[in-house]
Amino acid sequence: MPDTHRPFTLSDFDFALPEALIAQHPAPERSASRLLDGRGAQPVDRIFRALPELLAPGDLLVFNDTRVVRARIFGEKASGGKLELLIERVLDGGQVVAHMKVSKKPQPGAVLHLAGGRARGGFDALLLGRWPNADGPLFRLALQPPAGESPWELMERHGHLPLPPYIARQQSGGNDPDATEDAERYQTVFADKPGAVAAPTAALHFDAGVLAALAARGIERASVTLHVGAGTFQPVKTENLAEHRMHSEWYDIPPATLAALERCRQRGGRVVAVGTTTVRTLESWAQSGRATGDTSIFITPGFAFQVVDLLVTNFHLPRSTLMMLVSALSGYEHVMALYRHAVAEGYRFFSYGDAMLLQRQDLLLKK
C-alpha cells in the first residue's frame, strides 16, 4: 500500500548518519561513484557509469544547467568588524541580494568594505535595506566597484566558491589548498548559466563517457535552469510540515526542453530528472503553467507528480525538505529502507557523495 496518506512530521525524516560517511572530497573519477539502484523492492549496488544501461531508449534525461558562482565574499564594516556575504541573486543596476554573517548587523546606509575595500584593491557596497521586504531575511546592497565592473565580474575576481556547510574547509578568506579541485569538481560538466550558490549535485557524477553512452543508447537529453539558493541548506524547524515556508528560487524551462518533454510523452518514454532541483522545476511548471519564474514549491508525501517518472539524486541530510521530496516520489518506507542500506554499506553522503536511482512510487508498486 502507498504510504502517502498518513500524516508525516519532521521527526519521520530523521536518521542516524555516522560523520565519517559525509564526503569531504569527490570520487577520483566522476562516474566512479557508487549508484544505489532503488527502482525495485530490493536495493542493488552498482557503479554510476552503469546508469545508461538502466534506462531505456526513448527516455529523456533532464539536467539543471545552472553554474555555481563565486558568491562567498569576505569583508568588514567601517568599524573593522569582520563579515561574510553570500550573494544569492543579482538584480538590475549593480544591486545584489545576499545573506550576511556578522556579529552585529549594520544599518541601512552603511558602507561595507569587501575583499579589502576599494582602498586595497577590492570594492565597497552600500547597504540599502532588507529583502524581499523590510523584515526579509536577506540584505539588498548596491555594489560600488572601482572600475565599473558588473557583480558577476566582482564575484569572479574576489569571491570564493560557496561550498556547503558540512564540507569542513573554506572557513575563512585565506588560502585553501583544495580550491583548485573544488573549482573543477563542484561544477557539472555542462554548467552554463551562472547564478547558483550550490551545485545541482546529482549531476556531478556525469562525465563525457556516460553522456556518450546515453546518446548511443538512444536516450535524449534536455536542460532546465534553476539557480540553487542557500535556502537549500535551510533546516526545517517546525515539527508540523505545513508550517514550514520554503525558500524561493528562480527557474527557466526553454522552449526546446518543452518540445523534448512533449516528444518523450508522445513516444511513451520516461522523464528522468537529474537532481531534486530539476524535479522542483518541472513540477512547478506543471502546477503553474509558467515556463519561467520563481518557485517555492514544497514537495512532501502525498504530492501528485505530473512530469517526473525517475530521479537520479544524491543522499540528503536528515530532516531536510529533500528527504521529504524523495519520499514523496518513491515512497517513505522504501526510501528509509534504502537509506538504512546505504549507511550499512558505507555509501558516501551529501554533495560530494554517491548517487541513487529512484522511480515514482506507482511505477515501483507495479513491479
Side-chain angles (χ1 to χ4, degrees), residues 2-15 17 36 38-39 61-64 66 164 196 198-204 224 226-249 251 253 270-288 294-339 342 349-351 353-364:
D3 49 33
T4 56
H5 297 299
R6 77 170 179 87
F8 286 89
T9 64
L10 178 60
S11 298
D12 286 320
F13 300 94
D14 202 2
F15 62 91
L17 178 67
L36 179 56
R39 294 172 301 157
L61 265 106
V62 186
F63 297 91
N64 182 0
T66 190
T201 55
L204 295 178
V224 300
L226 182 139
H227 290 323
V228 191
T232 192
F233 304 113
Q234 177 184 338
V236 180
K237 299 178 180 178
T238 60
E239 191 67 17
N240 180 357
L241 303 186
E243 295 175 1
H244 178 68
R245 293 294 171 261
M246 282 289 288
H247 56 287
S248 178
E249 293 166 317
Y251 73 91
I253 306 177
R270 300 171 300 176
V271 174
V272 185
V274 178
T276 56
T277 60
T278 299
V279 174
R280 297 183 71 239
T281 300
L282 294 174
E283 297 297 336
S284 294
W285 161 66
Q287 277 195 350
S288 69
D294 284 276
T295 180
S296 55
I297 191 172
F298 185 19
I299 297 177
T300 59
F303 182 85
F305 289 88
Q306 300 181 62
V307 183
V308 175
D309 299 308
L310 286 92
L311 170 64
V312 178
T313 186
N314 278 21
F315 293 94
H316 304 296
L317 278 73
R319 301 166 68 93
S320 66
T321 61
L322 303 182
M323 281 296 295
M324 298 166 198
L325 184 152
V326 296
S327 297
L329 180 80
S330 205
Y332 171 78
E333 298 293 349
H334 181 62
V335 165
M336 297 307 286
L338 290 173
Y339 270 67
F349 275 64
F350 306 162
S351 293
D354 297 314
M356 63 193 313
L357 177 63
L358 300 172
Q359 65 182 6
R360 217 175 56 235
Q361 187 174 189
D362 58 313
L363 300 177
L364 176 73

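Contact annotation: the side chain of T300 never approaches that of F8 to less than 4.5 Å [non-hydrogen atoms, C-beta and beyond]. When side chains are defined from C-beta on, L329 does not count as touching Q361, because their heavy atoms never get closer than 4.5 Å. For the pair S11/E239, a side-chain contact is recorded, criterion being any heavy-atom separation below 4.5 Å from C-beta on. Side-chain contact between L226 and T66 is absent, with no heavy atoms from C-beta onward closer than 4.5 Å. Inter-residue side-chain proximity for I297 and Q287 is flagged as met; some heavy-atom pair is nearer than 4.5 Å.
The CZ atom of R280 lies 4.5 Å from the CD atom of E249; values are rounded to the nearest 0.5 Å. To the nearest 0.5 Å, atoms CG (D309) and CG (L358) are separated by 13.0 Å. Remark: L325 CG to S320 OG distance equals 9.5 Å, nearest 0.5 Å.
A salt bridge (Lys or Arg N to Asp or Glu O under 4.0 Å) check over residues 311-324, counting only residues at least two apart or in different chains, returns the pairs D14-R319.
By the salt bridge (charged side-chain N to carboxylate O under 4.0 Å, His left out) test, E283 is found to be paired with no residue, residues two or more places apart in sequence or in another chain being considered. Partners of D12 under the salt bridge (charged side-chain N to carboxylate O under 4.0 Å, His left out) rule, at least two apart in sequence or in another chain, are R6.
When each of V274, V271, T278 is paired with L61, the side-chain contact (heavy atoms from CB on, under 4.5 Å) condition holds for V274 and for no other.
Residues H244 and T238 have side chains that never bring a donor and an acceptor to within less than 3.5 angstrom of each other.
The six-membered or imidazole ring of F13 lies near that of Y332, with a centre-to-centre distance under 6.0 Å. Ring centers of F350 and F315: at least 6.0 Å apart, outside the cut-off.
Note on E243 versus K237: no salt bridge recorded, every NZ/NE/NH1/NH2 to OD/OE distance being 4.0 Å or above.
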